Protein chains: 2
Amino acid sequence: MPRSDALRNRARVLDAAEEVLAEQGLTARMDAIAARAGVGVGTVYRHFATKEALWQAIVVARVDVLLAEARRLRAEADPATAFFTFFARIVADAAAKKAYTDALRDAGIDVKDGQAEQVAAMRAAITGLLRAAQDAHAVRAEVGLPEILALLRGASLAAETGDFPPAALEIIFSGLRTV
Amino acid sequence: MPRSDALRNRARVLDAAEEVLAEQGLTARMDAIAARAGVGVGTVYRHFATKEALWQAIVVARVDVLLAEARRLRAEADPATAFFTFFARIVADAAAKKAYTDALRDAGIDVKDGQAEQVAAMRAAITGLLRAAQDAHAVRAEVGLPEILALLRGASLAAETGDFPPAALEIIFSGLRTV
DNA sequence: TGATAAACGGAATCCAGGTTCCGTATCGTC
DNA sequence: GACGATACGGAACCTGGATTCCGTTTATCA
């Protein structure tokens, strides 16, 4: 088993990285992360082989949270609410945590190993929510997963790079709803 | 007046840069641009003081084209067609020419000097198209410029980073149209 | 408490890519 | 067709930032 301080520091680094990446996106510097964690850069690297690896670890964790949220909504809310809430949730997440949307960017292509199943899970979750919402006649039948992913990506990127007013989201929702 | 070869090279650089930036976005290397132009890096720098300057020159040119297009549509097409065509045109442009969307990103904030009036012109053009479309009852009255800019930004970014199916665009349009 | 392995800090190293410099080539003029 | 002024090419330089290295510190266990 790892030494106790190693465990503690790993956690600190992860937390700090989450904060810093949320604020600054992928351009955040490793020193900044180390500083925020109250640790030397060397320590960061002992726990995460590379910046990329660190960043991936965070995305993986975040997507897991989203997946759980998707399952919860699916179970507890009516299909329409579930679908639209999840959509809004992802966009809100992107607005708050910058280093995030790249995950969605990969949702179709160019996935790193280890992420593959997570991406598949995400696609499945969204498909499930969409289907249910369509069965409940809350979303147009002819809308497909590719469109949803594209809209999700667009809204998230927009939210990440600036303001994305609720009214704009509402316009998209309105376009998705049954006529 | 500048020497003839200088003039010729300036044009070549501009063309090459447009191509390379379109393909690779802002990460494109200066050597790549110089190579494509069949010129040394030094020459690129004699004409454009910095990478940023070069990139701005291109964006400015491109936005001018779009502005002309906006005016033309305004004059020649009915308001609804004009508005939606222009929207689609911007998104299509973003899909084809990567190094582009940053211009829209600035549409509200943090504008470099010299760009200010161009940004203002763009905002004015979009506002004009929007108003007209609303007067013609082709777009919901409660939609405002901020929403349009946000949606435009989102769709463009999405198109720039991957696929943005026409159906997705149609969903947005559908949400914008009068109920 | 002492020994030893595991972790740590952070200065030094490496590298990619933008920018500068200067010897050479070209243009325009007399 | 010769001269000065302009441009050119591209190697060398510089900088920011990721990554590595190693002497020092800390945890763990007899």
Side-chain angles (χ1 to χ4, degrees), chain A residues 1-60 98-100 102-103 110 112 114-115, chain B residues 1-60 98-100 102-103 106 110 112-115:
Chain A
M1 72 190 106
R3 247 168 61 171
S4 63
D5 54 347
L7 241 42
R8 174 168 34 76
N9 280 331
R10 187 192 162 84
R12 278 190 190 165
V13 168
L14 219 39
D15 286 352
E18 182 140 22
E19 288 176 26
V20 175
L21 287 176
E23 285 167 19
Q24 314 181 7
L26 283 173
T27 56
R29 287 201 255 152
M30 288 304 256
D31 343 12
I33 294 172
R36 174 91 56 123
V39 141
V41 257
T43 299
V44 174
Y45 277 92
R46 191 150 318 87
H47 291 295
F48 303 92
T50 166
K51 187 181 181 179
E52 173 79 5
L54 171 56
W55 134 245
Q56 291 242 26
I58 287 172
V59 169
V60 166
K98 292 205 178 179
Y100 180 65
D102 301 60
D110 188 49
K112 286 94 186 172
Q115 280 193 289
Chain B
M1 68 190 107
R3 243 169 62 174
S4 64
D5 55 346
L7 241 42
R8 174 165 37 76
N9 280 331
R10 187 191 162 85
R12 277 191 191 164
V13 167
L14 218 39
D15 287 351
E18 182 142 20
E19 288 177 27
V20 174
L21 287 176
E23 284 166 20
Q24 314 180 8
L26 283 174
T27 56
R29 286 200 251 152
M30 288 304 258
D31 340 13
I33 293 172
R36 175 90 57 124
V39 141
V41 257
T43 299
V44 174
Y45 276 92
R46 190 146 323 86
H47 291 294
F48 303 92
T50 166
K51 186 181 182 179
E52 173 79 6
L54 172 54
W55 135 244
Q56 291 240 29
I58 287 172
V59 169
V60 166
K98 292 206 176 178
Y100 180 64
D102 301 58
D106 295 338
D110 189 47
K112 286 93 186 172
D113 41 275
Q115 279 193 290

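This structure is a prediction, so every number in the text was calculated from the model and none was measured.
- Using a 4.0 Å heavy-atom distance criterion, Ala28(B) is classed as a sugar-phosphate-only contact.
- The nearest pair of heavy atoms linking Arg10(B) to His47(B) is NH1-O, 3.6 Å.
- If you measure from atom CG of Leu54(A) to atom P of dG17(D), you get 17 Å, rounded to the nearest angstrom.
- In this structure, Ile58(A) CD1 and Asp15(A) CG are separated by 9.0 Å, a value rounded to the nearest 0.5 Å.
- The side chain of Thr50(A) lies closest to dT19(D) when the candidates are dT19(D), dA7(D), dC8(C).
- Contact detail for Ala28(B) and Lys51(B): the closest heavy-atom pair is O-NZ, 2.9 Å.
- Going from atom CD1 of Ile33(A) over to atom CZ of Arg12(A) covers 16.0 Å, rounded to the nearest 0.5 Å.
- The shortest non-hydrogen separation linking Leu26(A) to Leu21(A) is CA-CD2, 4.4 Å.
- Counting to the nearest Å, the C1' atom of dG9(C) and the CZ atom of Arg12(A) are 14 Å from each other.
- At dC8(C), one or more side-chain N or O atoms of Asn9(A) fall inside 4.0 Å of OP1 or OP2 (strictly under the cut-off).
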Atom pairs, protein N/O to nucleotides 20-22 of chain C N/O, distance under 3.5 Å:
none

For nucleotides 24-30 of chain D, read 5' to 3', which letter fits each nucleotide if B means a protein heavy atom sits under 4.0 Å from the base, S means only the sugar-phosphate is that close, and - means neither?
--BSS--
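- The side-chain hydrogen bond (donor to acceptor under 3.5 Å, both in side chains) search around Arg3(A) returns Asp5(A), not counting sequence neighbours.
- Remark: His47(A) is not in phosphate contact with dA7(C), judged by side-chain N or O atoms under 4.0 Å from OP1 or OP2.
- Of all heavy-atom pairs between Met30(B) and Thr50(B), the closest is CE-C, 4.4 Å.
- Shortest non-hydrogen contact noted between Ala37(B) and Val13(B) is CB-CA, 3.9 Å.
- Considering only side-chain N and O atoms, Thr43(B) lies nowhere under 4.0 angstrom from the phosphate OP1 or OP2 of dA7(D).
- Distance, Lys51(A) NZ to dG17(D) P: 9 Å, rounded to whole Å.
- In this structure, Ile33(A) places its CD1 atom 17 Å from P of dG10(C), rounding to the nearest Å.
- Residue Asp31(A) contributes atom CG, which lies 6 Å from atom P of dA18(D) at whole-angstrom precision.
- Closest heavy-atom contact between Ala57(A) and Leu14(A): CB-CD1, 4.4 Å.
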